[in-house]
Asks: 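Handing you a structure now.
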Amino acid sequence: MSLVEESPLAPAIPVSGTRKRLDHIDAMRPVKQFGVVSTHTLIFFAAAGTGITVGAALQLLHVTREAFLFISACMIAYSFRGVQQMDLRSFWRFASVGVPYLCWTLIYFFVTLHGTRGSLPWRLDHLAYLVGTGYYQLYFLVVLLEFYAVFPLLLILLRRTVGHHGLVLAASAALQLLIVSLMHWGVFPHWMRGFWATREVTSYQFYLIAGMVVAFHLDEVHRWLCSHVVLVLGATLASAAVAEAWYYLAVYHVVSWFGSSSDPFQPIVIPWNIGAIASIYLLGVWLVSRRRSERTRALTKSGSDDSYGVYLAQLLFITALGWCGWRHLNAYVPWPIVCLITVVIVFFACVALTELLARTALAKPLTGRSRVARTPRQVSPPQEPAPGAQDLEAERAMIPSGRP
């Protein structure tokens, strides 16, 4: 089975905006954000006593981190792959990454302020800590800013190794396996494992380099993926099964040397991460195909535009639901249904908020996107009076009104 679609680089597919964008890769963003919202919903609202089941789901859902960084690396490399002289002012996207990061860090600081105690200096120190490490899901942007700092060097590397990108990717994959293995089995010091590892660009170097390599060979990668759909999906499902088997064997200590089952950087999930990203790519191709209905493509475009806002604002609504005692619904409704409903509510609430903010002066700092211009109302030109209409009005004016 193959997915016969036009090349993403074909002239028939227009590129819009000041930066190069590809519709099918943009379509990956809302799919990935749905997974991010699902991850945090499970963490916040899964019923007590479901830790093992939830952990198994989270092991697969954590791929959203790697997908986020892969997509970002791919698109920025695609934008600059043909640029010989890089203008650092146009490259450094502080307005779309740094400013929203700082704004939402401040918002979450004040939203959660009531739950903390301490003096003013302690609170300010806590705010500085959040800025440096990233509040909850915002650490993705910390890693992204670190990647931006080294991107020019990586771009030079790929330009000087043209014809050998396969070797570069293989070396990066081997390094990734080594890094996460040393993390998983506790060889690295504590500041290179667990919480701190999630904030370090080295923990994701393979997915960032892979995104850049794919950008350099996007046409060939696209053709191969679309002509090997069954193979890609089959390998992805098989890798998921292997990762889940590893997880349960580790949970029940069937194989003691498997290590911790709660480690966010399990070496066994690397094949799953690769397969899941490839599968999401194929889903993006399917969603924007000209064979889809206008409505489907319009919804996909809207989801792509709002995906960054969903990422930034999701914890705002999840926290609010927590304050309302949302988790108590588990006593009346099966927890998987509660979580599914929650994901839908949070996702579309974030979409609504993003659409609202995008029409205000706060669009750039709070959504990372340009302000949506209001469509001017169409004013109908004055119509010429119908023949005889002026004579009729004149006759009406001569009729007595009955008033003095």
Side-chain angles (χ1 to χ4, degrees), residues 3-36 63-83 91 93 96-97 140-141 143-144 147-148 151 154-155 158 165 169 204 206-229 232-233 236 273-292 296-311 354 367-370:
L3 187 63
V4 181
E5 300 292 348
E6 57 273 284
S7 166
L9 305 182
I13 301 180
V15 175
S16 59
T18 57
R19 298 188 186 277
K20 295 180 180 179
R21 296 181 60 180
L22 295 170
D23 290 341
H24 67 297
I25 293 183
D26 279 343
M28 297 172 67
R29 300 180 190 274
V31 178
K32 177 256 304 176
Q33 292 304 349
F34 198 84
V36 175
V63 68
T64 53
R65 297 174 308 183
E66 287 77 9
F68 179 94
L69 296 170
F70 172 88
I71 294 170
S72 300
C74 182
M75 290 315 300
I76 189 172
Y78 179 67
S79 296
F80 285 92
R81 68 176 190 169
V83 177
F91 155 71
R93 303 180 180 184
S96 60
V97 178
F140 285 23
L141 300 185
V143 178
L144 195 57
F147 168 66
Y148 285 173
F151 172 77
L154 293 175
L155 189 62
L158 291 183
H165 287 168
L169 196 58
Y204 311 94
F206 168 68
Y207 305 98
L208 293 165
I209 292 177
M212 295 182 66
V213 170
V214 167
F216 272 72
H217 305 275
L218 190 55
D219 212 10
E220 298 94 321
V221 172
H222 176 84
R223 284 197 300 268
W224 191 91
L225 289 174
C226 290
S227 61
H228 296 83
V229 175
V232 171
L233 298 182
T236 302
N273 290 341
I274 297 171
I277 292 171
S279 298
I280 297 173
Y281 179 97
L282 290 174
L283 179 57
V285 172
W286 186 88
L287 286 171
V288 301
S289 170
R290 297 175 184 177
R291 301 175 184 178
R292 305 288 83 77
T296 298
R297 285 187 289 167
L299 288 174
T300 302
K301 174 67 166 57
S302 176
S304 300
D305 292 340
D306 295 329
S307 61
Y308 195 22
V310 172
Y311 162 75
T354 303
T367 70
R369 56 186 284 193
S370 301

Asks: Give me the atom names and distance for the closest heavy-atom approach of Gly309 to Thr354.
Replies: CA-OG1, 3.3 Å

Asks: Return the minimal non-hydrogen interatomic distance between Leu287 and Ala27, and the atom names on each side.
Replies: CD1-O, 4.3 Å

Asks: When rounded to the nearest 0.5 angstrom, what distance separates CE in Met75 from CZ in Phe70?
Replies: 10.5 Å

Asks: Which heavy atom in His24 sits nearest to a heavy atom in Val285, and how many Å separate them?
Replies: CD2-CG2, 3.6 Å

Asks: Working to the nearest 0.5 angstrom, can you tell me the gap between His217 NE2 and Arg223 CZ?
Replies: 12.0 Å

Asks: Where do Arg290 and Arg297 land on the side-chain contact (heavy atoms from CB on, under 4.5 Å) test, with the steps shown first?
Replies: CA-CA 8 Å; Arg290 297 175 184 177; Arg297 285 187 289 167; 4.0 Å; yes

Asks: Looking only at heavy atoms, what is the nearest atom pair of Leu208 and Ala73, with distance?
Replies: O-CB, 3.3 Å

Asks: So, do Leu155 and Phe216 sit near enough that their side-chain heavy atoms are less than 4.5 Å apart?
Replies: yes

Asks: Which value, rounded to the nearest 0.5 Å, describes the distance between Leu283 atom CG and Met28 atom CE?
Replies: 9.0 Å

Asks: Evaluate the criterion salt bridge (Lys or Arg N to Asp or Glu O under 4.0 Å) for residue pair Asp306 and Arg369; output intermediate values, then yes/no.
Replies: CA-CA 9 Å; Asp306 295 329; Arg369 56 186 284 193; 2.7 Å; yes

Asks: Could you give me the CA-CA distance, side-chain angles and deciding distance for Ile25 and Leu218, then say whether side-chain contact (heavy atoms from CB on, under 4.5 Å) is met?
Replies: CA-CA 11 Å; Ile25 293 183; Leu218 190 55; 4.3 Å; yes

Asks: Identify the two heavy atoms, one from Asp26 and one from Ser304, that lie closest to each other, and give their separation to 0.1 Å.
Replies: O-OG, 3.0 Å

Asks: How far does NE2 of His165 sit from CG of Leu158, to the nearest 0.5 angstrom?
Replies: 4.5 Å

Asks: When you look at Tyr308 and Arg29, which way does the side-chain contact (heavy atoms from CB on, under 4.5 Å) test go after all the steps?
Replies: CA-CA 8 Å; Tyr308 195 22; Arg29 300 180 190 274; over 6 Å; no

Asks: When the ring centroid of Phe147 is compared with that of Tyr204, is the distance short of 6.0 Å?
Replies: no

Asks: Working to the nearest 0.5 Å, report the span between CD1 of Ile76 and CZ of Phe151.
Replies: 4.5 Å

Asks: Got a second to check how far Leu69's CG is from Lys32's NZ, nearest 0.5 Å?
Replies: 9.0 Å

Asks: Going by heavy atoms in the side chains, are Phe68 and Gln33 under 4.5 Å from each other?
Replies: yes

Asks: Starting from the C-alpha separation in whole Å, work towards a yes-or-no answer on side-chain contact (heavy atoms from CB on, under 4.5 Å) for Trp224 and Val232.
Replies: CA-CA 10 Å; Trp224 191 91; Val232 171; 3.9 Å; yes

Asks: So which heavy atom on Pro30 is nearest to which on Ser307, and how close?
Replies: N-CB, 3.9 Å

